[in-house]
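To start, the structure itself, in structure tokens.
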Amino acid sequence: MTTTSLPPQQLDPGAPYRGRPVPRALGWALPGAGRAANAESGVMWQSTTTQMCGLFPFAVSSGAAPPGVPIGHHMHTAEPVGLDPAEWLRQGLVSNTGMWIQGQPGIGKSTIVKRLMTGLVAFGFTAVVPGDVKGEYTRLVEHLDGRVWRIGRGLHSLNPLDAGPLRAALAQTSGDEHARLSETIRARRLSLLEALVVIVRRAEINVTERRLLGAALDLCVDATADGDEPIIPDVVRVLVNPPTLLLDIAACDTRLAFRRDARDLVNTLELLCAGAIRGLFDRRSSISADLDTPALSLDISALDDDEDEVVAAAMLSSWAWAAAVIDGSAATGRHRNIFRIQDELWRALRVAPGLVERSDRVTRLGRHRGEISAQVTHSLDDLEALPTEADRAKARGMAQRNGVMVLGGMADKELTAINEISPLTASEAAMVRAWAAPPTWMTGSTHPGRGRYLIKSGERMGLPVALSLMPSERDLYNTDTAWQHGTGQP
């Protein structure tokens, strides 16, 4: 059979449709005929062959399931997402293990920290909560078979000059290592003592006062019996009865002239022993350190209603003590990976100028100590509440140095500030902004940002995560127990 003998429909399959009317570009202008009011022109996209395979049928690529403590599911792919800055560091995903956690009150910042704390303890970490202002980690620490020390009047006391386990490490070393540890202990003691003076005075100290504090502290340490630690009243006694060394520093001929010139410094230290902070930091420590316990907390919630300087002094002293515990344990060979939580940290730093720098000195740990730190705050406006521009700049640097950012719902103003630290895409910013939208007035509704977080690191795309809790966690992590029904009172 030749091609000329084929039926017409086989020679031209479209022949039956050739004579039919053709609709215009926008479709038939008839009811129900599918006419479009407007037809946009097509958009040309260019892509590599590797990328093109994921464009149809519009699937979302995998690979958003980093290892770590399971904290929820990816909101776009439903993949489980883990968070462990230590493991991320080992795999080259981050450059350091610091975490910055920020969001509006009520969105669950402490919830994700507690989930992470529970998981890391299961991984073999020791959780350290220095200066728990609201006592919100106490139940969890006790649940994990950890130890909670409650600091306050009539409760436990904390000596700011206590070297903790560093003292035991010092006794086990010699030579250059002994000298290094001695200088570390002295520097931390002196920085914390200066910080306490600044907190009480709400103003900086001068150069002469710094030299006097250093010399008086050295004299107290030399006079302290083996196994004991100097306390602030010891420093006061040296300043009240100054030896020749202190007279030379102050350029005074007599003790009377010295006491007149140094009266502000002496009276400030006296307030630490006899003022609003009396009984808290002027005694020997009644707490001990043991990193073999799964979790350790210094609960200062008994001081929550006190003046800002009392809370600030308690927080800084707790931070310094925890840093000494971590460093001392490492120096004695009892190495443990640490998860350290600093919540409400700006409450301590806003009291007086210079506290950002001093807090960094007393809490700075040696490199490679195996520590994950979590700094938790409501707003970057907390930075603007710091006393000086120098403090604000240093605090912004603290935020920028963190390898991981966990962002909850927040308003446009906050997003603008966050963008300067960790750039957000338009879609990421819109998502975080939506989580901050006010809930409806219908009872029983959940805040749209509750349990939702965006995990960012550098300029890579963030991980939007929805955290769901087990029933036991809902009770254990609950921070609103004061408002539960059936108590008869708020």
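The chain is numbered in sequence order, starting from 1.
You'll find the side chain of Ile151 reaches within 4.5 Å of the side chain of Ile287, heavy atoms only. Using a 4.5 Å heavy-atom cutoff, the side chains of Met117 and Val129 are in contact. Here the side chains of Val266 and Arg259 are not in contact, with every heavy-atom distance at 4.5 Å or above. You'll find the side chain of Met99 stays beyond 4.5 Å of the side chain of Gln375, heavy atoms only. For the pair Leu181 and Glu177, the minimum side-chain heavy-atom distance is below 4.5 Å. Looking at heavy atoms from C-beta onward, Arg340 lies out of side-chain contact with Ile372 at the 4.5 angstrom threshold. Looking at heavy atoms from C-beta onward, Lys114 lies out of side-chain contact with Glu473 at the 4.5 angstrom threshold. Looking at heavy atoms from C-beta onward, Leu93 lies out of side-chain contact with Ser457 at the 4.5 angstrom threshold.
Nearest heavy atoms, Leu415 versus Ala429: CD1-O, 3.5 Å. Asp84 and Gly68 get closest at one heavy-atom pair: CB-CA, 3.5 Å. In terms of heavy-atom proximity, Gly131 sits nearest to Ser318 at N-CB, 3.6 Å. In terms of heavy atoms, Ser286 sits closest to His156 at OG-ND1, 3.0 Å.
Of the possible donor and acceptor atoms, one in the side chain of Asn96 sits under 3.5 Å from a partner among the backbone N and O of Arg401. The closest donor-acceptor contact from the side chain of Asp228 to the backbone of Thr224 lies at 3.5 Å or more, if one exists at all. Formation of a donor-acceptor pair under 3.5 Å by the Glu229 side chain with backbone atoms of Ala163 is found in this model. Checking side-chain atoms of Asp282 against main-chain N and O of Ile231 turns up no donor-acceptor pair under 3.5 Å. Of the possible donor and acceptor atoms, one in the side chain of Ser157 sits under 3.5 Å from a partner among the backbone N and O of Arg284.
With rounding to the nearest 0.5 Å, the separation of CD in Gln102 from CE in Met410 is 4.5 Å. Between atom CG of residue Asn419 and atom CG of residue Asp412 there is a gap of 10.5 Å, rounded to the nearest 0.5 Å. For the atom pair CG of Asp475 and NE2 of His143, the computed distance is 10.0 Å after rounding to the nearest 0.5 Å. The CG atom of Asp299 lies 5.0 Å from the CG atom of Asp132; values are rounded to the nearest 0.5 Å. Atom OG1 of Thr244 is separated from atom CZ of Phe258 by 11.5 Å, given to the nearest 0.5 angstrom. How far OG1 of Thr118 is from CZ of Phe123: 11.0 Å, rounded to the nearest 0.5 Å.
A salt bridge between Lys394 and Asp391 is absent, with no side-chain N of the basic residue lying under 4.0 Å from a carboxylate O of the acidic one. Classification of Glu209 and Arg201 as a salt-bridged pair holds, one side-chain N sitting under 4.0 Å from a carboxylate O. Salt bridge Glu183/Arg186: absent, no basic N to carboxylate O contact under 4.0 Å.
A salt bridge (charged side-chain N to carboxylate O under 4.0 Å, His left out) with Asp162 is found for exactly one of Arg188, Arg283, Arg189, Arg167, namely Arg167.
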Practice task
Check the pair Val141, Thr138 against side chain to side chain contact (heavy atoms under 4.5 Å, CB included), reporting the backbone distance first and the verdict last.
Solution key: CA-CA 5 Å; Val141 170; Thr138 294; 5.9 Å; no

Practice task
Show your reasoning for whether side chain to side chain contact (heavy atoms under 4.5 Å, CB included) applies to Val128 and Thr126.
Solution key: CA-CA 6 Å; Val128 178; Thr126 293; 4.3 Å; yes

Problem - Criterion side chain to side chain contact (heavy atoms under 4.5 Å, CB included) on Leu213 and Leu269, from CA distance to verdict - result: CA-CA 10 Å; Leu213 281 177; Leu269 291 174; 4.0 Å; yes

Practice task
I would like to know whether Ile421 and Met405 meet side chain to side chain contact (heavy atoms under 4.5 Å, CB included); could you show each step before the answer?
Solution key: CA-CA 10 Å; Ile421 298 175; Met405 297 195 77; 3.9 Å; yes

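For the pair Arg147 and Trp149, the cation-pi test (distance below 6.0 Å, angle within 45°) is passed.
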